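One structure is given below, encoded as structure tokens.
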Amino acid sequence: MSPNETKSQRPGAIAQGSLLTAGVVVVLALFALVNYLGLRHYERFDWTGSDIYTLSEKSEKIVQGLDRDVQLIVLLDPSAPSYAQVDELVDRYVAANPARIVRRDLDRAKSALEFQQLVADLGIESANTLVIESEGDKRVVNQYELVEYDYSAAQMGGSPKIKEFKGEQEITSAILSLVEAEKPKVVFTIGHGETTLEGSTSQRSLSEARRLLGRDNFEIDTWQSLDEPAVPEGTDLVVISAPTTRFTPPELESLSRWVGDGGRLLVFLEPSFEAGTTALKDVGLSEWLAAYGIETARNVVIDPGASVAFFGPDTIYTDAFGSHPVVESLAQTRAPVMLAGATSVNAGEGPEGAQIEALVSTTDQAWGETNVSEEGVAQDAEDLSGPLGLAVAVALGGNSEHTAANSETDGSESDESAGESRIVVFGDLDFATDSLLAQGANSLLFVNTFNWLVEREELIEIEGRMPEQTQLTMASGEIYSLGAVVLLLMPGSALFLGIWIALRRRR
């Protein structure tokens, strides 16, 4: 090649090299720009059919509204069955508000002293926990509270499977309890044979219900309504739980003043019998509740259309819900609840402006049994026919005619600025006891009711998630065919195409 030809090729080579260099610079610049935009505008995508990797709207609202820093300290061992679920969930919380929520993984091997000190300070029985901390205050969520397991396969030698993941409701509740300015105060009436969270009997224990209320940051107290004429100061919700003796007129007047001034009331009724007879007791609430549009009766609800095998005829397993916020999420998922020995509670005629809605109902095969005997149960002419209500919710404006009427009768002045009064009445308490609370959606119904009554709708509808378990079943021939395509055909095609292109260029 002559010197002149070499000189003539140099500008082309330089130009080609310059273009190549410029191309590399542009690619690197684009790469840096994409990463910068990715950091400034972080976005997560959930491609699952049931959105199991997306926080609920309620959790998003609480997390994005944080006004203080929250630290999620992960103490779970990576080998724990629930670690993968918790690991992903904690990242979701951080992504929802990275300015306020910080994740910290505490390794028991690398930070042994700090790990042991934290476990000792919090009194943690199991080291596999999640600690939520804010401004020195801490909440602990045990791994067994995060996950509900299905042990049916264990009988055949298999390992337990994750049935439901409850991490979101547990973590959100813990965060709310840390940042909430005041705890809602709930008082349970005593003096009428009620079942309370403080003095539950072994036959009707409410210890698990108490744990759920504590998890949602409720403060629990009692009210001896016979001795104290007014509801205790600072009360947000009054609960009457399965009384067995009558309320007196002065007590009912106190309750009327409470409701009329925008108070909140939750009543659990239970059929109880007169001593030595099969006659059902009257605890003195029927007429008082009827004034608010809630009709109760002295009966035991029997529903052959919603019966449960191996349980008595008075046990009901139903998914017949209304459209009220308390049960809206249950209605959407068709998650049933189980009640036992319930009395009927139906929506009736209330004061003007009252919003009265049935929460849970029976099938049309049900009836309200009034003649309970050892010979069995059978519907007769005196029994109410289904469908029957099992729970009713009422919302009353503070200036309703009923409020004014109560003020005239008890001599008190009506509070014109009183807020909305709320009442919920259940015909059963057994669904909230330790023996039944874990059945169906009982716990969700219980907690949703309390949160709606104290206007904490942000905690309603946070349900456990069912992890998606997708399996691909293939025959041995299909596996061999897939292996041949992936391991031989695809790489071979690329190799053949490369050789063909190289040969074409040499020609």
Side-chain angles (χ1 to χ4, degrees), residues 241-242 265-271 280 285-286 289-290 292-309 311-350 354-370 372 377-380 382-395 422-433 436-437 439-453 460-461 463:
S241 54
L265 178 66
L266 173 59
V267 181
F268 295 101
L269 299 176
E270 275 285 337
L280 292 166
L285 292 173
S286 295
L289 290 172
Y292 294 97
I294 305 169
E295 297 181 352
T296 62
R298 281 181 284 171
N299 58 25
V300 178
V301 176
I302 309 296
D303 190 358
S307 59
V308 185
F311 285 83
D314 60 345
T315 300
I316 300 169
Y317 199 58
T318 179
D319 60 2
F321 302 111
S323 57
H324 193 274
V326 170
V327 293
E328 184 178 6
S329 61
L330 280 68
Q332 292 173 354
T333 58
R334 306 294 294 181
V337 293
M338 180 182 288
L339 301 91
T343 188
S344 63
V345 180
N346 293 293
E349 284 291 330
Q355 300 176 24
I356 308 171
E357 298 182 52
L359 301 180
V360 188
S361 304
T362 68
T363 69
D364 55 5
Q365 300 179 39
W367 74 87
E369 182 62 54
T370 55
V372 180
V377 293
Q379 186 174 8
D380 54 44
E382 298 179 357
D383 298 333
L384 291 175
S385 298
L388 299 175
L390 299 170
V392 169
V394 179
R422 293 183 176 186
I423 304 173
V424 173
V425 180
F426 282 91
D428 181 48
L429 176 66
D430 291 318
F431 84 95
T433 60
L436 291 182
L437 193 61
Q439 298 293 330
N442 284 15
S443 61
L444 193 60
L445 175 62
F446 179 79
V447 174
N448 278 3
T449 301
F450 277 81
N451 284 324
W452 178 77
L453 283 166
I460 296 178
E461 298 179 8
E463 302 179 65

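Scope of the values below: all heavy atoms of this structure, side chains included, with no hydrogens, waters or symmetry mates. Since we're looking at a predicted model, the values are computed, not measured. Counting from 1, the numbers follow the sequence of the chain as shown.
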**Asked** Would you call the rings of Phe268 and Phe426 parallel, tilted or perpendicular if under 30° counts as parallel and over 60° as perpendicular?
**Response**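 The rings of Phe268 and Phe426 lie parallel, inter-plane angle below 30°.
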**Asp303-Thr363 side chain donor-acceptor pair, cut-off 3.5 Å** =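 Short answer, yes.
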Can you tell me how far [atom2] of [Y] sits from [atom1] of [X], rounded to the nearest 0.5 angstrom?
{"X": "Ser361", "Y": "Asn346", "atom1": "OG", "atom2": "CG", "result": "7.5 Å"}
{"X": "Asn448", "Y": "His324", "atom1": "CG", "atom2": "NE2", "result": "11.0 Å"}
{"X": "Leu436", "Y": "Phe446", "atom1": "CG", "atom2": "CZ", "result": "13.0 Å"}

**Prompt:** Which is it for Asn299 and Asp383 under the side chain to side chain contact (heavy atoms under 4.5 Å, CB included) test, yes or no, and what are the steps along the way?
**Reply:** CA-CA 8 Å; Asn299 58 25; Asp383 298 333; over 6 Å; no
**Item:** Criterion side chain to side chain contact (heavy atoms under 4.5 Å, CB included) on Val345 and Glu295, from CA distance to verdict
**Value:** CA-CA 6 Å; Val345 180; Glu295 297 181 352; over 6 Å; no
**Request:** Can you spot which of Val300, Leu339, Val301 makes a side chain to side chain contact (heavy atoms under 4.5 Å, CB included) with Asp314?
**Result:**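 Result: among Val300, Leu339, Val301, Val300 is the only option passing the side chain to side chain contact (heavy atoms under 4.5 Å, CB included) with Asp314.
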**Criterion side chain to side chain contact (heavy atoms under 4.5 Å, CB included) against Leu269, the qualifying member of Leu429, Leu285, Asp428** =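 Passing option: Leu285.
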Under 3.5 Å, side chain of [X] to main-chain N/O of [Y], donor-acceptor pair present?
{"X": "Asp319", "Y": "Ala335", "value": "no"}
{"X": "Thr362", "Y": "Leu388", "value": "yes"}
{"X": "Thr315", "Y": "Phe311", "value": "no"}
{"X": "Glu270", "Y": "Asp430", "value": "yes"}

May I ask you to test the [X]-[Y] pair for a side-chain heavy-atom distance under 4.5 Å?
{"X": "Leu453", "Y": "Ile423", "result": "no"}
{"X": "Leu359", "Y": "Phe321", "result": "no"}
{"X": "Ile316", "Y": "Met338", "result": "no"}
{"X": "Pro304", "Y": "Trp367", "result": "yes"}
{"X": "Thr296", "Y": "Ser344", "result": "no"}
{"X": "Val392", "Y": "Glu357", "result": "no"}

**Request:** Step by step, work out the side chain to side chain contact (heavy atoms under 4.5 Å, CB included) result for Val337 and Phe431.
**Result:** CA-CA 8 Å; Val337 293; Phe431 84 95; 6.0 Å; no
Tell me the closest heavy-atom pair linking [X] and [Y], and the distance in Å.
{"X": "Tyr292", "Y": "Ile356", "value": "O-CD1, 3.8 Å"}
{"X": "Leu384", "Y": "Ala297", "value": "CD1-CB, 4.2 Å"}
{"X": "Pro271", "Y": "Gly427", "value": "CD-O, 4.5 Å"}

**Request:** Dump the intermediate steps for side chain to side chain contact (heavy atoms under 4.5 Å, CB included) on Val424 and Trp452, then the final yes or no.
**Result:** CA-CA 10 Å; Val424 173; Trp452 178 77; 3.6 Å; yes
